[in-house]
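Report on one structure; see the data block that follows.
To find a chain, count down the sequence lines: A is the first, B the second, and so on, and within it residues start at 1.
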Amino acid sequence: VIRVVLPAHLRTLARVNDEVSLQVEGRATLAAVLDALEARYPVLCGTIRDHDTHKRRAFVRFFACEEDFSHDPPDTPLPEAVVTGAEPLLVVGAMAGG
Amino acid sequence: MGVRVLVGTRKGAFILTSDERREDWSVSGPHFAGWEIYHLKGSPADPNRIYASQSSGWFGQVMQRSNDGGTTWEPIGNKFSYDGVPGTHQWYDGTPHPWEFKRVWHLEPSPGDPDTVFAGVEDAAMFKTTDGGQNWQELPGLRGHGSGPRWQPGAGGLCLHTIVIDPANPRRMYIAISAAGAFRTDDGGETWRAINRGLRSEGIPDPDAEVGHCVHRIAMHPSRPSVLFMQKHWDVMRTDDAGESWREVSGNLPTDFGFAIDVHAHEPETIYVVPIKSDSEHFPLEGKLRVFRSRTGGEDWEALTNGLPQRDCYVNVLRNAMAVDRLESCGVYFGTTGGQVYVSPDGGNQWRAIVHDLPPVLSVEAQSL
């Protein structure tokens, strides 16, 4: 089970109170986790990455195990600690004013 | 009878309700707290069906629908894909720039069908849903208008911010784009033509060009759909022939810059604007918040000040932030970037603030229930 922590606005949108747990088939890449997340919560489609190109939205970041995976290719395998559920994948709204 | 006022702000939506006296108000919200709500609008065919555009610089566009007058909401389709190869428009530096979807600025439900809605978006294009918002398709004839590659964004972006449907002939629609100008379709959105003859804008190389005008808002009285009133960047304009030609009706306004304009519900020649000092100083003249009313369809204007702050007021009133209700004594509403929403229950004579301290107001719509 892979644990995903969403930013507050997306938790509200998805109507979840806490982190979400996802089953990911095959290799646990960033893309595979986002596919599973959007399949479970279709309302999140388009809010983290583009509907069609799957390009990450500019002010969204992906952190795990104190590392930034935002700029890695989407087929990069996630760390073992994320795959085993020991650590969560953090979807983060970049810090910016407003 | 009562009214429901739908208010979109920089940090959420608010719903204000009152009876026909419009003295005591209930405030519901914030809905979608923390998100920018550029526009909410109810269906004329089913006033409890309301659509909302919810967006964020972080998380993009979300669309919401209510079937119970705004008490509960459900997310609907948020995919706005341009038809075919999007092509380019002009960028601020004059170079070609690919069309990129940013947000929905305006929602216009069909007069007769609650499931049919038109959406005006940035970068400028028009979309339509016929299934209550689950799926949105572009009406590509607008962007395909031959002038599309010459459209250039205004300071607020290349936004299609106004959609006006002729209630007598819903296949005729008017839209406005900053900074391309006004366009009309007579075939339900398949083909469009620019309707900017008579507009004159000093900020573009050819002041009376076919396109390039920064139209801020267009308003119509439903009983006379060929008469339109326009607040342009500078100048208040009027057409009596469905946009074939425009003439200036700024008359004695102290400044003819502004954003909002609307028409009295029962008097087609009574119109309202909120003059703003200039394009470089977006606040009222002399710190006095004044609505100006013309009862002659323009040219002759009177200042309405009763109940509005007449000193130290430096708010703005944005293009989507004025509305009228259709009660017997027409109510006029506007919201400010300072978070006030004002009502006049008597067509502009007396004003009072319904709320004082909302986030900056982006849009106001009034429903008569």
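For Asn17(A), the CG atom is loosely surrounded, since the number of other residues' heavy atoms within 6.0 Å does not exceed 12. Sparse packing is recorded around NE2 of His356(B), with 12 or fewer heavy atoms of other residues, nucleotides or ligands lying under 6.0 Å away. With a 6.0 Å radius and a threshold of 12 heavy atoms from other residues, nucleotides or ligands, Asp75(A) has its CG atom above the threshold.
Between Asp52(A) and Ser81(B), the shortest heavy-atom distance links the atoms OD2-OG, 3.2 Å. Taking every heavy atom of both residues into account, Pro7(A) and Phe59(B) meet most closely at CG-CZ, 3.6 Å. The heavy-atom pair separating Pro75(B) from Arg15(A) by the smallest distance is CD-NH2, 4.2 Å.
Two residues are said to be in side-chain contact when any heavy atoms from C-beta on lie closer than 4.5 Å; Thr12(A) and Trp35(B) fail this criterion. No side-chain heavy atom of Val43(A) sits under 4.5 Å from any side-chain heavy atom of Glu74(B).
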Run the side-chain contact (heavy atoms from CB on, under 4.5 Å) test on Trp58(B) and His9(A) for me, step by step, so that the C-alpha distance in whole Å, both residues' side-chain angles and the decisive distance to 0.1 Å come before the verdict.
CA-CA 10 Å; Trp58(B) 288 265; His9(A) 280 315; 6.0 Å; no
